[in-house]
2 protein chains.
Amino acid sequence: MRVTIAEVARRARVSKTTVSRVLNNKSDVDAATAVRVREVIAATGYIPSAGAVGLAKGRTRLVGVLVPGLSPAGVGEVLQGVADVVEESDHGLLLSTAARGADSLARFTHQVRAHAFDGLLLLDPPPAVTDNDALRDSDLPVVVVDGARSVFPSVTGDDAAGAAAVARHFLARGRRRVAVVTGPGEDAAARLAGFRSVLEEAGSSLTGDAVTETVSTAGGGRSAVRQLVASGLAFDAVFACDDVVAAGVLTGLREAGRTVPEDVVVAGFGDLPLAVFTQPPLTTVRRPLRALGETAARRLLGKLTGDTPLDGMTVLPTELVVRESAP
Amino acid sequence: MRVTIAEVARRARVSKTTVSRVLNNKSDVDAATAVRVREVIAATGYIPSAGAVGLAKGRTRLVGVLVPGLSPAGVGEVLQGVADVVEESDHGLLLSTAARGADSLARFTHQVRAHAFDGLLLLDPPPAVTDNDALRDSDLPVVVVDGARSVFPSVTGDDAAGAAAVARHFLARGRRRVAVVTGPGEDAAARLAGFRSVLEEAGSSLTGDAVTETVSTAGGGRSAVRQLVASGLAFDAVFACDDVVAAGVLTGLREAGRTVPEDVVVAGFGDLPLAVFTQPPLTTVRRPLRALGETAARRLLGKLTGDTPLDGMTVLPTELVVRESAP
DNA sequence: CTGAAAGCGCTTACAG
DNA sequence: CTGAAAGCGCTTACAG
């Protein structure tokens with residue numbers, strides 16, 4: 001049989017109220033009484049029921065996390081950062097996935113309405129989530145990681161600065177005929193913008209031909225290079241807005257008989273695990289994935305446990321990682 | 001103000017009992033009454049408090065999942081499989097990490113004792129977890145994924161068969177002088193055993209010199225090759241018990257001036273995302289990661305929602321994936 | 001310093 | 001078919 005607060009109270013010959021006081025470290029308990037209660041707690045291995053405490057206190061000590069999916073590279077790292085902070089604060093992590101579209105959204109909305117958690121972390125949320133009525137109506141504390149133009153407080157990496165660092169690196173190495181392979185979405189757009197700004201400052205510029213938009217896969221990078229080569233455009237550097245795409249670019253260049261980094265230097269974005277395994281290894285931009293998760297979680301918990309107000313956007317620095325693809 | 005069952009009852013002019021009946025789809029409710037109650041529920045957007053339901057029913061509708069960490073390759077895939085099944089069954093997923101050693105374990109034990117979830121999934125759990133007293137004492141349903149010799153019901157991949165397939169592939173290609181780079185741990189041992197058994201059946205065998213144990217990193221694979229080359233052993237094939245190690249083996253061979261796959265063929269294990277990005281891409285063994293998660297979750301939920309008994313070990317097939325490193 | 005009682009928001013016998 | 005009451009296991013005014 002499960003031991004309850006009533007059982008502890010009986011054994012310690014006090015009321016449940018007093019046991020509760022000891023449990024919650026309230027003052028106003030006689031030292032000797034407290035000791036006795038603690039002894040009984042230790043002897044019985046009593047742990048308060050999370051559910052009952054939650055109901056009585058009106059909070060769950062649970063933090064919800066909504067992720068786009070668990071397999072995409074990077075999600076695990078961010079989540080690890082979140083978990084580290086949340087676990088340390090003695091909260092639980094309730095994980096939800098947005099992988100199944102409308103169905104996922106319905107489930108998620110339900111959880112919000114059911115008060116399944118005290119606070120919420122949104123990883124790269126789709127608009128359907130951030131515009132969600134249930135979420136807006138609730139006064140649930142929310143922090144977004146990597147959500148573009150979100151109405152909620154957010155934490156993100158300085159991707160534009162990272163892309164700018166790549167551009168500067170290219171220029172410093174004397175590469176002037178630069179091509180870009182970009183993906184769909186706002187993240188890629190922000191990177192492209194950061195990259196372009198440096199080029200323009202330097203009096204160089206990116207012509208329309210030099211920018212290829214493709215899908216964010218290795219296949220996309222490879223065919224973008226084929227297209228670039230076929231167009232006859234001369235280029236001695238390629239910036240891909242994503243490491244996976246960059247890996248495809250490497251393959252495409254190899255097939256086209258161009259050497260890397262001699263003929264063409266290549267840089268990616270993200271510093272995914274694969275970046276060190278390509279041939280040659282990729283120069284890329286590291287996003288502080290773990291720190292993004294940690295920071296977001298810390299801000300949320302600050303709101304939950306203290307009263308740190310929640311607003312604005314935190315931007316974490318990115319870092320240029322130089323490897324052989326663009327030394 | 002939050003709308004409660006009492007409020008719904010008041011508006012529908014029935015008792016809370018009746019609202020509860022409608023909520024839980026009990027029969028014995030007048031059709032017209034049920035309609036009226038449902039209308040009020042819809043109008044108010046009422047959702048039962050997860051905490052209160054949990055307390056009253058004695059279950060949380062939460063499934064706990066303990067992972068070794070979120071960044072290691074493969075964990076995300078398994079977790080995705082788990083999430084798909086758990087979310088579909090209308091349960092929540094309470095995620096815990098074993099990344100912080102004793103501290104993590106204490107937290108985890110606490111959750112078990114606090115009845116924070118109705119059932120538990122353990123991913124590649126350390127002995128400290130499976131031997132945990134709190135866990136054994138509780139009658140919590142548990143399913144283990146990839147736990148060697150676990151006392152709990154488990155789901156795992158047929159690694160030995162996968163390794164055997166690699167050995168057969170090598171032999172079929174006429175490679176007789178085979179070396180193995182293995183890691184620490186029982187997983188690696190199982191793979192080595194499967195590999196070795198095929199070789200012995202074929203009258204070939206693996207001498208002590210041909211087996212190098214190293215750490216499970218690219219650096220480990222690289223130095224293992226250096227060592228192998230330095231030893232003067234002749235070899236025309238390398239089986240690495242892990243893709244990351246295999247990637248290091250590739251590097252080591254390149255440095256030693258051996259071509260892959262001409263001089264030496266190489267196979268890894270795991271089919272991690274990086275396997276397609278190495279040069280040449282890796283022949284390897286695919287473990288059914290997502291299916292492992294799905295199967296484990298399905299078994300656990302079968303126990304929770306139905307009464308499917310829980311025992312024994314489910315072994316899922318692995319698959320040889322042939323790429324250019326060992327065509 | 002301590003306890004009886006009410007309350008958190010539900011569900012479940014029990015009685016009708 | 002329906003409701004009053006007790007109960008799930010805690011916490012929190014309130015009174016002493």
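Throughout, protein chains are lettered first and strands after them, A, B, ... in sequence-line order, and every chain is numbered starting at 1.
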*Assess whether atom CZ of B:R136 is packed by more than 12 heavy atoms of other residues, nucleotides or ligands within 6.0 Å.*
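Result for CZ/B:R136: enclosed.
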Tell me: [atom1] of [X] to [atom2] of [N], nearest whole Å?
{"X": "A:K57", "N": "D:dT12", "atom1": "NZ", "atom2": "C1'", "result": "11 Å"}
{"X": "A:E7", "N": "D:dG9", "atom1": "CD", "atom2": "P", "result": "12 Å"}
{"X": "A:D28", "N": "D:dT11", "atom1": "CG", "atom2": "C1'", "result": "15 Å"}
{"X": "B:K26", "N": "C:dC10", "atom1": "NZ", "atom2": "C1'", "result": "13 Å"}
{"X": "B:H115", "N": "D:dC8", "atom1": "NE2", "atom2": "P", "result": "15 Å"}
{"X": "A:R10", "N": "C:dA4", "atom1": "CZ", "atom2": "C1'", "result": "19 Å"}
{"X": "B:I47", "N": "C:dC10", "atom1": "CD1", "atom2": "P", "result": "10 Å"}
{"X": "B:R113", "N": "D:dC10", "atom1": "CZ", "atom2": "C1'", "result": "19 Å"}

*What residue among A:V86, A:D84, A:V85 forms side chain to side chain contact (heavy atoms under 4.5 Å, CB included) with A:V82?*
A:V86
I want to verify a distance call: between [options], whose nearest atom is closest to the [X] side chain?
{"X": "B:Y46", "options": "C:dG9, D:dT2, C:dC10", "answer": "C:dC10"}
{"X": "B:S15", "options": "D:dC1, D:dG3, D:dT11", "answer": "D:dG3"}
{"X": "A:I5", "options": "D:dT11, D:dC1, C:dA4", "answer": "D:dT11"}
{"X": "B:A56", "options": "D:dG7, C:dT2, D:dG9", "answer": "D:dG7"}
{"X": "A:R21", "options": "D:dT11, C:dG3, C:dT11", "answer": "C:dG3"}
{"X": "A:S49", "options": "C:dT12, D:dC1, D:dC10", "answer": "D:dC10"}

Does some side-chain heavy atom of [Y] sit less than 4.5 Å from a side-chain heavy atom of [X]?
{"X": "B:K16", "Y": "B:V8", "answer": "no"}
{"X": "A:P153", "Y": "A:M313", "answer": "no"}
{"X": "A:V155", "Y": "A:R299", "answer": "yes"}
{"X": "A:R107", "Y": "B:D90", "answer": "yes"}
{"X": "A:L23", "Y": "A:Y46", "answer": "yes"}

*Using a cut-off of less than 4.0 Å, is there contact between a side-chain N or O of B:T18 and OP1 or OP2 of D:dG3?*
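True: B:T18 side-chain N/O within range (under 4.0 Å) of D:dG3 OP1/OP2.
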*asked:* Just N and O in the side chain of B:K16: are any of them under 4.0 Å from OP1 or OP2 of D:dA5?
replied: no
_Ignoring hydrogens and geometry beyond distance, is the side chain of B:T17 in donor-acceptor contact with the base of C:dT11 at under 3.5 Å?_
no
_Can you say whether a donor on the side chain of A:T33 sits under 3.5 Å from an acceptor on the base of C:dT2, or the other way round?_
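There is none.
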*How would you label the contact of A:S20 with the nucleic acid (heavy atoms, under 4.0 Å): base, sugar-phosphate, or nothing?*
base
*How is A:D30 classified with respect to the nucleic acid when contacts are heavy atoms under 4.0 Å: base, sugar-phosphate, or nothing?*
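Sugar-phosphate: the residue A:D30, judged by heavy atoms under 4.0 Å, touches backbone atoms but no base.
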Please tabulate, for side-chain N and O atoms in residues 32-43 of chain A, each donor-acceptor pair with protein atoms closer than 3.5 Å (sequence neighbours left out).
residue, atom, partner, partner atom, Å
A:T33, OG1, A:D30, OD2, 3.4
A:R36, NH1, A:A12, O, 2.4

*First of A:R59 and A:L55 reached from the 5' end of DNA chain D, by closest nucleotide*: A:L55
*If each of B:A52 and B:R13 is mapped to the nucleotide of DNA chain D with the nearest heavy atom, which maps nearer the 5' terminus, i.e. the 5' end?*
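So the residue in question is B:R13.
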*Using Watson-Crick and G-U wobble pairs whose two distances are both under 3.5 Å, how do you write the pairing of DNA chain C as dot-bracket, with | for links to another strand?*
|||.||||||||.|||
